[in-house]
Amino acid sequence: MKSITVQGLTEKFHLEVLAGSSRMDREITRPRTHRPGLEFVGYFDFFPMERVQVLGRKEITYLLTLSVEERMLHIGNIVKYHPPCFIVTSGQQEIPYLTLFCDQEGIPLLRTGDTTTEFIAKLDSYLVKTLAPELSIHGVCVNVSGIGVLLRGKSGIGKSETAHTLIGRGHRFVADDIVVLKKLGPSTLLGTHNETTREFLALRSIGLINVVRQYGRKAFQDETRIVLDIELSPWRENSLNNDLELVPQFTDYLGVQIPHIEVQLQPGRDVAGLIEAAANNWYLKQLGYSAAEEFMQRIENGMES
(Lines give C-alpha, C1' and ligand atoms only; values in the text may rest on other atoms or scores of the structure.)
Protein backbone atom coordinates (compact mmCIF):
# COMPACT_ATOMS: atom_id res chain seq x y z
CA MET A 1 0.00 0.00 0.00
CA LYS A 2 1.33 3.43 -0.94
CA SER A 3 1.85 5.96 1.83
CA ILE A 4 3.38 9.31 2.71
CA THR A 5 4.59 10.50 6.08
CA VAL A 6 3.19 13.39 8.07
CA GLN A 7 6.64 14.97 7.75
CA GLY A 8 6.38 14.82 3.95
CA LEU A 9 2.93 16.39 4.08
CA THR A 10 4.19 19.12 6.39
CA GLU A 11 7.01 20.01 4.02
CA LYS A 12 4.77 19.89 0.95
CA PHE A 13 2.22 22.36 2.35
CA HIS A 14 4.55 24.34 4.66
CA LEU A 15 2.53 23.48 7.75
CA GLU A 16 3.32 24.68 11.26
CA VAL A 17 3.97 21.92 13.80
CA LEU A 18 2.20 22.62 17.10
CA ALA A 19 2.43 19.25 18.85
CA GLY A 20 3.46 15.63 18.38
CA SER A 21 6.73 16.52 16.67
CA SER A 22 8.28 13.24 17.83
CA ARG A 23 5.88 11.25 15.63
CA MET A 24 6.22 12.99 12.29
CA ASP A 25 7.03 9.59 10.80
CA ARG A 26 3.38 8.49 11.10
CA GLU A 27 2.08 7.25 7.75
CA ILE A 28 -0.91 8.49 5.75
CA THR A 29 -2.39 5.75 3.57
CA ARG A 30 -5.89 6.99 2.77
CA PRO A 31 -6.76 9.65 0.18
CA ARG A 32 -9.10 12.47 1.13
CA THR A 33 -9.48 14.19 4.46
CA HIS A 34 -12.18 14.12 7.12
CA ARG A 35 -13.78 16.87 9.21
CA PRO A 36 -14.94 15.36 12.52
CA GLY A 37 -18.47 16.57 13.19
CA LEU A 38 -20.68 13.76 14.40
CA GLU A 39 -17.69 12.37 16.26
CA PHE A 40 -17.70 15.42 18.54
CA VAL A 41 -21.17 14.46 19.73
CA GLY A 42 -20.21 10.86 20.34
CA TYR A 43 -21.16 9.08 17.09
CA PHE A 44 -18.24 6.94 15.89
CA ASP A 45 -19.90 4.15 13.88
CA PHE A 46 -18.43 5.34 10.57
CA PHE A 47 -15.41 7.30 11.77
CA PRO A 48 -12.64 7.13 9.10
CA MET A 49 -9.80 7.10 11.61
CA GLU A 50 -7.12 6.42 8.94
CA ARG A 51 -7.70 9.80 7.30
CA VAL A 52 -6.14 13.17 8.03
CA GLN A 53 -8.50 15.05 10.36
CA VAL A 54 -9.10 18.71 9.45
CA LEU A 55 -10.46 21.14 12.04
CA GLY A 56 -11.96 24.31 10.60
CA ARG A 57 -13.63 27.28 12.24
CA LYS A 58 -16.89 25.36 12.62
CA GLU A 59 -15.28 22.56 14.63
CA ILE A 60 -13.09 24.81 16.79
CA THR A 61 -15.94 27.25 17.48
CA TYR A 62 -18.16 24.37 18.59
CA LEU A 63 -15.50 23.04 20.96
CA LEU A 64 -15.09 26.50 22.51
CA THR A 65 -18.79 26.59 23.38
CA LEU A 66 -18.38 23.52 25.61
CA SER A 67 -17.32 23.45 29.23
CA VAL A 68 -13.74 22.47 29.91
CA GLU A 69 -14.82 19.01 31.05
CA GLU A 70 -17.00 18.42 27.96
CA ARG A 71 -14.31 19.70 25.66
CA MET A 72 -11.69 17.39 27.14
CA LEU A 73 -14.10 14.45 26.88
CA HIS A 74 -14.94 15.02 23.20
CA ILE A 75 -11.35 15.63 22.16
CA GLY A 76 -10.17 12.63 24.15
CA ASN A 77 -12.73 10.39 22.44
CA ILE A 78 -11.34 11.25 18.99
CA VAL A 79 -7.66 11.28 19.90
CA LYS A 80 -7.82 7.73 21.28
CA TYR A 81 -8.44 6.46 17.73
CA HIS A 82 -4.96 7.77 16.79
CA PRO A 83 -5.58 9.29 13.33
CA PRO A 84 -2.40 10.13 11.37
CA CYS A 85 -2.59 13.81 12.29
CA PHE A 86 -4.83 16.81 12.97
CA ILE A 87 -4.63 19.96 10.85
CA VAL A 88 -6.12 23.24 12.08
CA THR A 89 -7.03 25.71 9.32
CA SER A 90 -7.36 29.51 9.09
CA GLY A 91 -4.46 30.02 11.51
CA GLN A 92 -6.71 29.50 14.54
CA GLN A 93 -5.03 30.16 17.89
CA GLU A 94 -7.35 29.10 20.72
CA ILE A 95 -6.46 25.41 20.76
CA PRO A 96 -4.22 24.69 23.80
CA TYR A 97 -6.47 21.73 24.75
CA LEU A 98 -5.67 20.11 21.38
CA THR A 99 -1.96 20.66 21.89
CA LEU A 100 -2.13 18.95 25.27
CA PHE A 101 -3.90 15.84 24.03
CA CYS A 102 -1.81 15.46 20.87
CA ASP A 103 1.45 15.74 22.82
CA GLN A 104 0.23 13.12 25.29
CA GLU A 105 -0.81 10.67 22.56
CA GLY A 106 2.03 11.38 20.12
CA ILE A 107 -0.23 12.62 17.31
CA PRO A 108 1.08 15.50 15.15
CA LEU A 109 -1.01 18.66 15.39
CA LEU A 110 -0.40 20.97 12.43
CA ARG A 111 -1.67 24.38 11.38
CA THR A 112 -2.17 26.25 8.12
CA GLY A 113 -3.21 29.80 7.38
CA ASP A 114 -5.39 28.66 4.46
CA THR A 115 -9.15 28.62 4.79
CA THR A 116 -10.76 25.24 5.36
CA THR A 117 -12.34 24.97 1.91
CA GLU A 118 -9.19 26.08 0.11
CA PHE A 119 -6.91 23.77 2.08
CA ILE A 120 -9.10 20.65 1.83
CA ALA A 121 -9.39 21.10 -1.95
CA LYS A 122 -5.59 21.27 -2.31
CA LEU A 123 -4.87 18.47 0.14
CA ASP A 124 -7.49 16.06 -1.23
CA SER A 125 -6.21 16.56 -4.77
CA TYR A 126 -2.64 15.90 -3.66
CA LEU A 127 -3.53 12.82 -1.61
CA VAL A 128 -5.67 11.26 -4.35
CA LYS A 129 -2.84 11.55 -6.89
CA THR A 130 -0.01 10.63 -4.54
CA LEU A 131 -1.71 7.58 -3.03
CA ALA A 132 -3.40 6.37 -6.22
CA PRO A 133 -2.62 2.80 -7.41
CA GLU A 134 -0.13 3.05 -10.24
CA LEU A 135 1.46 1.03 -12.99
CA SER A 136 4.51 1.76 -15.15
CA ILE A 137 4.42 0.61 -18.76
CA HIS A 138 6.62 0.97 -21.82
CA GLY A 139 5.14 3.49 -24.23
CA VAL A 140 4.61 7.14 -25.05
CA CYS A 141 1.93 9.47 -23.74
CA VAL A 142 0.66 12.52 -25.61
CA ASN A 143 -2.24 14.93 -25.39
CA VAL A 144 -3.93 15.38 -28.76
CA SER A 145 -6.28 18.38 -28.83
CA GLY A 146 -7.03 17.90 -25.14
CA ILE A 147 -7.43 14.12 -25.41
CA GLY A 148 -4.98 11.83 -23.62
CA VAL A 149 -3.51 9.11 -25.84
CA LEU A 150 -1.27 6.22 -24.88
CA LEU A 151 0.96 4.98 -27.73
CA ARG A 152 2.24 1.42 -27.43
CA GLY A 153 4.16 -0.99 -29.62
CA LYS A 154 7.40 -2.92 -29.86
CA SER A 155 10.68 -1.11 -29.35
CA GLY A 156 11.71 0.72 -32.53
CA ILE A 157 8.22 0.70 -34.06
CA GLY A 158 8.14 4.51 -34.17
CA LYS A 159 6.25 5.64 -31.07
CA SER A 160 8.65 8.46 -30.19
CA GLU A 161 8.92 9.64 -33.78
CA THR A 162 5.12 9.75 -34.03
CA ALA A 163 4.99 11.78 -30.82
CA HIS A 164 7.56 14.17 -32.28
CA THR A 165 5.39 14.68 -35.36
CA LEU A 166 2.36 15.36 -33.16
CA ILE A 167 4.35 17.95 -31.17
CA GLY A 168 5.17 19.67 -34.47
CA ARG A 169 1.44 19.84 -35.20
CA GLY A 170 0.76 21.70 -31.97
CA HIS A 171 -0.12 18.81 -29.64
CA ARG A 172 1.46 18.19 -26.25
CA PHE A 173 4.02 15.66 -25.08
CA VAL A 174 3.63 14.00 -21.65
CA ALA A 175 6.00 11.03 -21.33
CA ASP A 176 8.36 8.84 -23.33
CA ASP A 177 9.69 5.33 -22.72
CA ILE A 178 8.18 4.93 -19.22
CA VAL A 179 4.59 6.05 -18.76
CA VAL A 180 3.23 6.03 -15.22
CA LEU A 181 -0.50 5.26 -15.08
CA LYS A 182 -2.44 6.28 -11.96
CA LYS A 183 -5.98 5.17 -11.18
CA LEU A 184 -7.84 8.14 -9.72
CA GLY A 185 -11.29 6.58 -9.82
CA PRO A 186 -13.32 3.67 -11.21
CA SER A 187 -13.11 5.08 -14.75
CA THR A 188 -10.32 7.65 -14.51
CA LEU A 189 -6.75 6.83 -15.55
CA LEU A 190 -4.05 9.48 -15.42
CA GLY A 191 -0.89 9.28 -17.52
CA THR A 192 2.30 11.01 -16.43
CA HIS A 193 6.11 10.65 -16.43
CA ASN A 194 8.39 9.22 -13.74
CA GLU A 195 10.18 12.55 -13.05
CA THR A 196 13.52 11.19 -14.34
CA THR A 197 12.33 11.30 -17.95
CA ARG A 198 10.32 14.50 -17.53
CA GLU A 199 10.38 16.60 -20.75
CA PHE A 200 12.79 14.19 -22.51
CA LEU A 201 11.98 12.48 -25.81
CA ALA A 202 14.35 9.88 -27.29
CA LEU A 203 14.59 9.85 -31.09
CA ARG A 204 16.55 7.15 -32.88
CA SER A 205 19.53 8.49 -34.87
CA ILE A 206 19.11 11.87 -33.10
CA GLY A 207 19.29 11.07 -29.40
CA LEU A 208 17.59 12.76 -26.47
CA ILE A 209 15.86 16.09 -26.93
CA ASN A 210 14.35 18.32 -24.26
CA VAL A 211 10.88 19.09 -25.61
CA VAL A 212 10.39 22.23 -23.51
CA ARG A 213 13.74 23.77 -24.42
CA GLN A 214 13.37 22.92 -28.10
CA TYR A 215 9.66 23.65 -28.65
CA GLY A 216 8.60 25.77 -25.70
CA ARG A 217 6.47 25.25 -22.59
CA LYS A 218 3.26 24.85 -24.58
CA ALA A 219 4.59 21.61 -26.12
CA PHE A 220 4.63 19.78 -22.77
CA GLN A 221 2.25 18.98 -19.93
CA ASP A 222 2.85 17.00 -16.75
CA GLU A 223 -0.16 14.70 -16.94
CA THR A 224 -3.28 13.89 -18.91
CA ARG A 225 -6.33 11.69 -18.52
CA ILE A 226 -5.88 8.61 -20.74
CA VAL A 227 -8.92 7.91 -22.94
CA LEU A 228 -7.36 6.10 -25.92
CA ASP A 229 -4.92 3.20 -26.11
CA ILE A 230 -3.34 3.08 -29.58
CA GLU A 231 -1.04 0.23 -30.53
CA LEU A 232 1.39 0.72 -33.41
CA SER A 233 2.14 -2.55 -35.20
CA PRO A 234 3.89 -3.72 -38.40
CA TRP A 235 1.84 -3.82 -41.59
CA ARG A 236 0.12 -7.13 -42.27
CA GLU A 237 -1.43 -7.78 -45.68
CA ASN A 238 -5.20 -8.39 -45.77
CA SER A 239 -5.58 -7.86 -42.05
CA LEU A 240 -7.06 -4.36 -41.84
CA ASN A 241 -10.68 -4.15 -40.75
CA ASN A 242 -12.48 -1.85 -43.16
CA ASP A 243 -15.95 -2.13 -41.65
CA LEU A 244 -17.87 1.12 -41.36
CA GLU A 245 -18.04 0.74 -37.59
CA LEU A 246 -15.29 -1.23 -35.90
CA VAL A 247 -16.19 -3.55 -33.03
CA PRO A 248 -15.06 -1.74 -29.86
CA GLN A 249 -11.91 -3.16 -28.28
CA PHE A 250 -10.57 -2.28 -24.84
CA THR A 251 -7.37 -2.60 -22.81
CA ASP A 252 -7.56 -3.03 -19.05
CA TYR A 253 -5.22 -0.92 -16.92
CA LEU A 254 -5.65 -1.20 -13.16
CA GLY A 255 -9.27 -2.19 -13.69
CA VAL A 256 -10.05 0.76 -15.99
CA GLN A 257 -11.25 -0.13 -19.49
CA ILE A 258 -9.59 2.10 -22.13
CA PRO A 259 -10.74 2.00 -25.81
CA HIS A 260 -8.08 0.26 -27.90
CA ILE A 261 -7.17 0.87 -31.54
CA GLU A 262 -4.49 -0.84 -33.63
CA VAL A 263 -2.72 1.25 -36.27
CA GLN A 264 -0.59 -0.71 -38.74
CA LEU A 265 2.48 1.03 -40.09
CA GLN A 266 3.51 1.24 -43.71
CA PRO A 267 5.78 3.70 -45.56
CA GLY A 268 3.74 6.71 -46.59
CA ARG A 269 1.00 6.32 -43.98
CA ASP A 270 0.32 9.50 -42.04
CA VAL A 271 0.34 7.86 -38.61
CA ALA A 272 0.17 11.15 -36.72
CA GLY A 273 -2.82 12.14 -38.83
CA LEU A 274 -4.54 8.84 -38.06
CA ILE A 275 -4.01 9.41 -34.36
CA GLU A 276 -5.51 12.89 -34.66
CA ALA A 277 -8.50 11.38 -36.48
CA ALA A 278 -8.91 8.70 -33.79
CA ALA A 279 -8.83 11.31 -31.02
CA ASN A 280 -11.34 13.57 -32.78
CA ASN A 281 -13.59 10.60 -33.54
CA TRP A 282 -13.55 9.56 -29.87
CA TYR A 283 -14.52 13.09 -28.87
CA LEU A 284 -17.46 13.16 -31.30
CA LYS A 285 -18.68 9.82 -29.96
CA GLN A 286 -18.74 11.32 -26.46
CA LEU A 287 -21.06 13.96 -27.87
CA GLY A 288 -23.33 11.23 -29.25
CA TYR A 289 -22.29 11.48 -32.91
CA SER A 290 -21.40 8.46 -35.09
CA ALA A 291 -20.25 8.99 -38.67
CA ALA A 292 -21.21 5.40 -39.52
CA GLU A 293 -24.75 5.90 -38.23
CA GLU A 294 -25.15 9.11 -40.20
CA PHE A 295 -23.83 7.40 -43.35
CA MET A 296 -26.25 4.48 -42.98
CA GLN A 297 -29.09 6.93 -42.38
CA ARG A 298 -28.28 8.71 -45.64
CA ILE A 299 -28.35 5.38 -47.49
CA GLU A 300 -31.72 4.50 -45.95
CA ASN A 301 -33.12 7.91 -46.83
CA GLY A 302 -31.86 7.52 -50.41
CA MET A 303 -33.50 4.12 -50.77
CA GLU A 304 -36.83 5.48 -49.46
CA SER A 305 -36.81 8.33 -51.94
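Nothing here was measured: the structure is a model prediction, and the numbers come from that model. We use all heavy atoms of the structure for the numbers below, so side chains are in, but hydrogens, waters and symmetry mates are not.
Interatomic distance, NZ of Lys154 versus NE2 of His138, reported as 12.0 Å (0.5 Å rounding). From Lys218, atom NZ reaches atom CD1 of Ile167 across 12.5 Å, with rounding to the nearest 0.5 Å. For the atom pair Ser290 OG and Lys285 NZ, the distance stands at 6.5 Å (nearest 0.5 Å).
Between the side chain of His164 and the backbone N or O of Thr162, no donor-acceptor pair lies under 3.5 Å. Formation of a donor-acceptor pair under 3.5 Å by the Arg225 side chain with backbone atoms of Leu189 is not found in this model. Side-chain N or O atoms of Arg269 include one that pairs as donor or acceptor with a backbone N or O of Gln264 at under 3.5 Å. Between the side chain of Lys183 and the main chain of Leu254, a donor-acceptor pair closer than 3.5 Å is present. Asn301 places a side-chain N or O within 3.5 Å of a backbone atom of Gln297 that can act as its donor or acceptor partner. In this structure, the side chain of Thr99 does not engage the main chain of Ala19 through any donor-acceptor pair within 3.5 Å. Not a single donor-acceptor pair under 3.5 Å links the side chain of His34 to the backbone N or O of Gln53.
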* To do: I would like to know whether Glu262 and Ser233 meet side-chain hydrogen bond (donor to acceptor under 3.5 Å, both in side chains); could you show each step before the answer?
  => CA-CA 7 Å; Glu262 180 185 7; Ser233 62; 2.6 Å; yes

* To do: Would you check, one step at a time, whether the test side chain to side chain contact (heavy atoms under 4.5 Å, CB included) holds for Asn194 with Val179?
  => CA-CA 7 Å; Asn194 69 346; Val179 180; over 6 Å; no

* To do: Kindly determine whether Arg51 and Thr33 satisfy side chain to side chain contact (heavy atoms under 4.5 Å, CB included), including the steps that lead there.
  => CA-CA 6 Å; Arg51 295 184 182 179; Thr33 56; 5.9 Å; no

* Walk me through it: do Phe44 and Ile78 pass the test side chain to side chain contact (heavy atoms under 4.5 Å, CB included)? => CA-CA 9 Å; Phe44 287 90; Ile78 291 181; 3.8 Å; yes

* CA sep, side-chain torsions, deciding dist, call: Phe47, Leu38, side chain to side chain contact (heavy atoms under 4.5 Å, CB included) -> CA-CA 9 Å; Phe47 179 40; Leu38 290 175; over 6 Å; no

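Of all heavy-atom pairs between Leu127 and Arg30, the closest is CD1-O, 4.3 Å.
Between Tyr62 and His74, the angle of the ring planes lies from 30° to 60°, which puts this pair in the tilted group.
A salt bridge links Glu134 to Lys2: at least one charged side-chain nitrogen sits closer than 4.0 Å to a carboxylate oxygen.
Screening Lys182, Lys129, Arg198 against Glu223 for a salt bridge (charged side-chain N to carboxylate O under 4.0 Å, His left out) leaves a single residue, Lys129.
Aromatic ring centroids of Tyr215 and Phe220 lie 6.0 Å or more apart.
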